[in-house]
Engineer: 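Would you mind keeping the following structure in view while I ask a few things?
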Amino acid sequence: IKSSAASDVYKRQNMRREDLSKLNDICRGLRELRKAQCKTQKEVAEAIGITPQSYQAYESGKTLPTLENFLRLCIYFDVTPDALLGIKDF
């Protein structure tokens with residue numbers, strides 16, 4: 001039983017690391033896309049209907065966008081969700 005509990009803890013820790021990796025991919029992707037289009041954080045935020053502070057939190061990794069805002073960002077930057085998540089191959 002103890003081995004099973006330890007296994008569950010290990011799986012949760014690895015999932016957290018994977019989540020953090022995806023978060024870093026999204027943050028880096030948003031920043032790179034915004035800079036490539038010579039936009040400010042405020043311009044992007046206004047275009048998708050959120051506050052500049054919320055957008056800044058996405059880029060800094062303090063929070064993830066909601067699914068709705070994630071899709072709005074994909075449309076705004078004209079990229080696929082996979083591209084914004086940093087997925088290159090399947």
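When reading the values below, keep in mind they use all heavy atoms of this one structure, side chains included, and skip hydrogens, waters and symmetry mates.
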Engineer: Side chains of T63 and Y58: closer than 4.5 Å at any heavy-atom pair?
Structural biologist: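 The answer is yes; the side chains approach within 4.5 Å.
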Engineer: With the side chain counted from C-beta on, respond yes when V44 and L73 share a heavy-atom pair under 4.5 Å apart, and no when they do not.
Structural biologist: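 Counting from C-beta outward, V44 and L73 do come under 4.5 Å.
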Engineer: To the nearest 0.5 angstrom, please state how far the CZ atom of R28 sits from the CG atom of L84.
Structural biologist: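 Between R28 CZ and L84 CG, I get 11.5 Å after rounding to 0.5 Å.
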Engineer: With sequence neighbours excluded, what pairs up with A47 under the side chain to side chain contact (heavy atoms under 4.5 Å, CB included) test?
Structural biologist: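 Once residues adjacent in sequence are excluded, the partners of A47 under the side chain to side chain contact (heavy atoms under 4.5 Å, CB included) criterion are Y76.
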Engineer: For R72, give me all partners under side chain to side chain contact (heavy atoms under 4.5 Å, CB included), at least two apart in sequence or on another chain.
Structural biologist: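 Partners of R72 under the side chain to side chain contact (heavy atoms under 4.5 Å, CB included) test: I48, E68, N69.
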Engineer: Got a sec, which residues hit side chain to side chain donor-acceptor pair (under 3.5 Å) with E59, two or more places apart in sequence or on another chain?
Structural biologist: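 Once residues adjacent in sequence are excluded, the partners of E59 under the side chain to side chain donor-acceptor pair (under 3.5 Å) criterion are R34, Q41, Y55.
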Engineer: Between F70 and L85, is any pair of side-chain heavy atoms under 4.5 Å apart?
Structural biologist: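 Sidechains of L85 and F70: in contact.
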Engineer: So if you build clusters from Ile, Leu, Val, Met, Phe, Trp, Tyr with side-chain heavy-atom gaps below 4.5 Å, do F77 and L67 land together?
Structural biologist: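 They do share one cluster, since a chain of ILVMFWY contacts under 4.5 Å joins F77 to L67.
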Engineer: In Å and rounded to the nearest 0.5 Å, what is the CG to NZ distance from L33 to K35?
Structural biologist: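 Result: 12.0 Å between the selected atoms.
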Engineer: Quick one: does C74's side chain get under 4.5 Å of T80's, heavy atoms only?
Structural biologist: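 No - every pair of side-chain heavy atoms lies 4.5 Å or more apart.
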Engineer: Run the side chain to side chain donor-acceptor pair (under 3.5 Å) test against T51 and tell me which residues pass, sequence neighbours left out.
Structural biologist: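 Partners of T51 by the side chain to side chain donor-acceptor pair (under 3.5 Å) criterion, ordered by chain and then number, come out as S54.
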Engineer: Report the residues that fulfil side chain to side chain contact (heavy atoms under 4.5 Å, CB included) with S60, sequence neighbours left out, ordered by chain and then residue number.
Structural biologist: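 S60 satisfies side chain to side chain contact (heavy atoms under 4.5 Å, CB included) with K62 once adjacent residues are dropped.
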Engineer: Can you list everything that forms a side chain to side chain contact (heavy atoms under 4.5 Å, CB included) with E43? Sequence neighbours excluded, please.
Structural biologist: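 With neighbours one apart ignored, the set is K39, T40.
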